[in-house]
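Down below is the structure, laid out as structure tokens.
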Amino acid sequence: MFAAEIFMHWFLLSSAVRTFNPEEADWFYTPVYTTCDLTPSGLPLPFKSPRMMRSAIQLIATNWPYWNRSEGADHFFVTPHDFGACFHYQEEKAIARGILPLLQRATLVQTFGQKNHVCLKDGSITIPPFAPPQKMQTHLIPPDTPRSIFVYFRGLFYDNGNDPEGGYYARGARASVWENFKNNPLFDISTDHPPTYYEDMQRSVFCLCPLGWAPWSPRLVEAVVFGCIPVIIADDIVLPFADAIPWEEIGVFVAEEDVPRLDSILTSIPTDVILRKQRLLANPSMKQAMLFPQPAQPGDAFHQILNGLARKLPHGDNVFLKPGERILNWTAGPPGDLKPW
């Protein structure tokens, strides 16, 4: 789900927006694979990533003049792990760490999104997590298949490994879903992940998209692609590509404190409203905007990111440092943190 880090690099290598003349460039992309470093075994190990990023910035600041002239204000980085450039998957530790000072002027492309949060930098471009387009394509069923499941969810309700005392994971929202609706016949919820998972979403009216450690998950992408109305349970979430996807029109937003009332909230939605949301979800352009197909295609997530970068141009008169102005010290950080790889 973090693979946007890789695909952005691949797409830019062959994109018509790329130039080999740095004097022509509006933006400088810096491919630093901090997420690969964070998740070598598929699970977050948030120890080396800040050092890795500082080392990368040291390299470009030493070898080329472009970083130093603006403190990176015309550079962008893809940081798609849970809490972006805070480089930690647990919220309290991410907040304590904060965004790396070196990245304060750079633009971040990150999957995390929550209003007024330490780890969501102002001016960030919020993107969807990666979900495999080809795999989902192979699981499509006829579009006129009846949606016989009212509410669907597969995933963790508790994270006993990282939250042994309970209550912190998903701020208790997932636990509340299980405790209140595990025996409700309208709710098809389980920790199992069946081979028919994608097909089941296409047979469902509503798909729960609750926060986990971060506000988002690939379920949001899957729900949109499969035409299942996303029920977004994540207070103050910042959703991707708001100009391309009318989230308020296609989704249902439920406050975390209102989870115990999920059944009454969803059953009270009029049929005509449900049908309107389903018609909007059937729009191919909406599905395309959530995906990273290979090769890149017009209107897909890669092009939505390019649109986001284009909207931030021109950079403004105050981007570039004037002679004598302070340049941020790229070695800022714990002593000995910058070590050769």
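Predicted model only: the values in this text are computed from it and were never measured.
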[X] and [Y]: side chain donor to acceptor below 3.5 Å:
X: His303; Y: Gln288; result: no
X: Thr19; Y: Asn21; result: no
X: Tyr197; Y: Glu222; result: yes

Could you tell me whether a side-chain N or O of [X] sits under 3.5 Å from a main-chain N or O of [Y], the two making a donor and an acceptor?
X: Arg203; Y: Pro146; value: no
X: Gln304; Y: Gly299; value: yes
X: Ser176; Y: Gly172; value: no
X: Glu5; Y: Thr34; value: yes
X: Asp163; Y: Tyr169; value: yes
X: Asp192; Y: Pro194; value: no

Taking the side chain as everything from C-beta on, heavy atoms only, tell me whether [X] gets closer than 4.5 Å to [Y].
X: Asp258; Y: Ile265; answer: yes
X: Val151; Y: Leu262; answer: no
X: Phe153; Y: Arg174; answer: yes
X: Ser55; Y: Leu59; answer: no
X: Val177; Y: Pro210; answer: no

Can you say whether the rings of [X] and [Y] are parallel (under 30°), tilted (30 to 60°) or perpendicular (over 60°)?
X: Phe7; Y: Phe292; result: parallel
X: Phe11; Y: Phe302; result: tilted
X: Phe28; Y: Tyr66; result: parallel

Item to check | Identified side-chain hydrogen bond (donor to acceptor under 3.5 Å, both in side chains) counterpart of Asp74 within the set His315, Arg105, Arg69 | outcome: Arg69
Checklist entry - Are Phe241 and Trp247 an aromatic pair by the rule of ring centers under 6.0 Å? => result no
Next on the checklist: Please tell me whether Phe150 and Phe187 form a close aromatic pair, meaning their ring centres lie under 6.0 Å apart.
Outcome noted: no
Checklist entry - Any idea which heavy atoms bring Ile127 and Ala4 closest together, and the distance? => result CD1-CB, 3.8 Å
